[in-house]
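Reading through the structure tokens given below for one structure.
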Amino acid sequence: MKAIEKAFGTVRVLNGVNFDVRPGEVHALLGMNGAGKSTLMNILAGAILPDAGTITIDGTPCAFSSPREAKQAGIGLVVQEVDTALFPGLPIYENLAADELADVKHHPIRSLREEKKWAAALLHRVGLSIPPTKLVRDCSLHEKQLIVLAKVLSSNARYIILDEPTAALSEAETKRLFAIIHELKQQGVGFIYISHKLKEVQEIADRLTILRDGRIVYQGAAGSLSLEDIVLHMTGTKQAATAKQARTYGSEIAFAARGIKIDKTSTTVDIYAHRGEIVGIAGLVGAGKTELAESLVAHRKTSGEWQLDGQHYTFSSPYEAIAAGLCLIPEERRKQGLFLPESVQTNLTVRLLSWLSRWQWISRMKETDAANGLVRSLGIHPPSPSTAVRHLSGGNQQKVVIGKWLNTNARVFLFDEPTKGIDVHAKQDVFSIIRTLADEGKTVLYFSSEFRELLEVCDTIYIMVDGRLLARLPAAELTYEQLVYYCSGGEIDGPAGRFRDTVEKSGVVYS
Amino acid sequence: MAQPAVSATPSKKAVLSTLEFLYKHGTLLAILAVIAYFGITQDQFFTYENFSDILRSISIVTLVAIGITFSLIVDGFDLSVGSTVSLATIASAAALVLYRQEIFVTLLVPLLLGIAVGLLNSLLIVKFKLPDLLATLATMYAINGVQLTYTKGFSIYNDMPLPDGGTAPGKFIPSFLFIGQGELFGIPFSVLLMLFVVIAAHLFLTYTKPGRLFYLTGENQEAARLSGIPVNRYRTYAYVISGFFAALGGIVLASRIGTGQVSAGASFLMDGVAAAYIGFSVFGAGKPNVIGTLFGSILMGVLLNGLTMMNVPYYAQDIIKGAILVGALALSHWQKK
């Protein structure tokens, strides 16, 4: 791929990117969210067209106008969500043959026995020894991933894109996947490996390309770059630490939860927060933050013990957790947080209805007053409580979701990715709401993968990796690079650890 | 739908607003058009007797349809209402004729049975998490079987012969027959009952806290749960209310015909569903609502009354009912998009 350029509207996503993969190597593509990795790979896989630049495969220039053409040219894509690429109700061999069946022009006619044999051979190639008649539904995630890989191989892919292949795999499964990658390398298959787990990247990759803001900032052999340097390349110019106002918070523990079970990763978590403290939970996408947040309000099946202001609880439904003073501002705000066809007023007053009604009869006047007050104090636009929330912008919708808890008994606020999909202005509004809440003595847990925002708003930060909280660190002593490093699997050895030293010693400044 | 189309040309806007007007008031216009048509073609149509007849005939459907409306509000569905109507009819007839009970027990037993059916439905749907359509389909069959087994397939009527040779000890008492046949101030009692239930249910759903929470539960169950609404409790209530109103409909039916006919309630299911879905579109509400449901069953009632006058056979009327249901479903689906 040479001099690839792509802009969406006026936003330039890729600026003359050169990228190449040789047969039999693993080339890792790294970068922060928004660096342009997915756009580049989508161009290679034929899903979007580049504005400029050329793609050559084994010496022949190609221009893909559809994913099918890319596939025929030998590009295979193993998507991150493998479930979207498979038919769960069909056996493995039919899944493997699905693409060929869809190809009207030349689909081979095979007997069922031949097809199963063919499928078994393919499965063997990716190191799977399960019967091809097994239903995909009954396969583990790891197996599904390998089935997708086998499917890609069956279409004679010579260059395979792996998008976050280990995001949901256990350590042992990752090892097995790597062994298979090694074997396929020997057979001359080239891999493009996208991942946030940098340690694994170091282990598997032969070469690295690091993208930042649509440009290549590093390209070269993987072995010559330390984990610390990779992080520095990814994050770019070391920013002058923004002078953060020191916040003070209470010394008594207002919220604690012990042994909270996260079903997905089968891990348990202990967490606590002081009165008025803003506690961040930092982790990559897929680290289990949402699962933890939803388990803490008992929206997911969980077990454990909660403590609020010294009182002990066990919750089995959000109804109980909310009654005790917890609340969750969920990640999927349209799906989980809002009643879209209803008015702003109805959405804002859900939790206030008991106060606004007498003998169960809602006082319209009181309700409008309450809603008006919230709309004004939150700066919701348009400032009319009768607008349907589905007509509001993302930022204003988020204010509504937060607003419904403001005048209630909620004492512990859980924010799950609260800045997702909202503009810069609304972000600042959300931050100031959060700070105000904390200043009023409420406790805030802030779950996010936006590390800069975590550093900006939080007092303390937990590092979350693979469903575990690894450390509880004061935000003031953390740098952005450290946070990225820790969350990508870097070892944590105290605030004066190795990474910190290298940063200061090397003093690299990237333009 | 209400979103202003910024780039739309004036003519497009006009088309859009016409469509919107039709959507909002289409159902009312349809009712008026149907009334006008029958009024012109049928001499007997515009009489007090006929109108009172229409209202009397829709009173049972409306009661059943209000129950269905509750299950629709929590985003559920209750197919068992027709069987519950039959069950309640048989239960009240049996209480009167076979057991010589007075009015109190005669009303209490079917209503309790209706509530029990609702509890059974919510056990299956809320607790065991079965799909609502399938679960209530199953209870629909089971309950129909129960009332058939109990009566061995025979109707219950005054002075009916008993297997042991004698005749039934009790009979339909006047106070019970008053419910379906009596009049107050010249208005059939069943119509007054229907209007009372409509108004009460409307006020409850629109102006009270539990009414609001019913709607929120149905609109977004996950958001409702995360807002601390005990969604399972409200879903249970909805099915219980649905069973209760179906049983009430069954009582009125028994009183109206003065016998306990087996499987007499079956036809009320689809009529009620049609009424509730037509109700989605009345005044452009876009969601299940009691006033809309009332208008829905008025439309059905007027249409069937007029068609009967035109000597359209009852089996052909089903074709028209089906067509109306399709139209109502399409309209409510279109609104959702």
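Keep in mind that this is a model prediction, so the values were computed, not measured. Lettering of chains follows the sequences in order, A, B, ..., and the numbering in each one begins at 1.
Ring pair A:Trp306/A:Phe315 is tilted by interplanar angle, where 30° to 60° counts as tilted.
For A:Leu353, the parts sitting under 4.5 Å from any heavy atom of chain B are the backbone and the side chain alike. For a residue to count as touching a neighbouring chain, one of its non-hydrogen atoms must lie under 4.5 Å from one of that chain's; by this rule A:Glu320 does not touch chain B. Contact of A:Ile362 with chain B is made through backbone and side chain together, with heavy-atom distances under 4.5 Å. Contact annotation for A:Arg364: only side-chain heavy atoms (C-beta onward) come within less than 4.5 Å of a heavy atom of chain B. Proximity to chain B is limited to the backbone of A:Arg334, based on heavy atoms less than 4.5 angstrom apart. In this structure, chain B has no heavy atom under 4.5 Å from any part of A:Thr387.
The pair A:Asp309-A:Arg275 meets the salt-bridge criterion, with a side-chain N (NZ, NE, NH1 or NH2) lying under 4.0 Å from an Asp/Glu carboxylate O.
Within the 4.5 Å cutoff, no side-chain heavy atoms of A:Leu90 are placed close to those of A:Leu135.
Between chain B and the residues A:Ser363, A:Ser354, A:Ala323, the most heavy-atom pairs under 4.5 angstrom are made by A:Ser354. The greatest number of non-hydrogen atom pairs below 4.5 Å with chain B, out of A:Leu356, A:Leu328, A:Leu338, is found for A:Leu338.
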task = Run the numbers on A:Phe413 and A:Trp405 for ring pair (Phe, Tyr, Trp, His ring centres under 6.0 Å), then give the verdict.
result = CA-CA 9 Å; A:Phe413 286 70; A:Trp405 300 104; 7.6 Å; no
ask   = Does the pair A:Phe415 and A:Phe447 meet the rule for a ring pair (Phe, Tyr, Trp, His ring centres under 6.0 Å), with working shown?
value = CA-CA 6 Å; A:Phe415 289 86; A:Phe447 299 77; 9.7 Å; no
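Heavy-atom contacts from other residues, nucleotides or ligands closer than 6.0 Å to NE2 of A:His425 number 12 or fewer.
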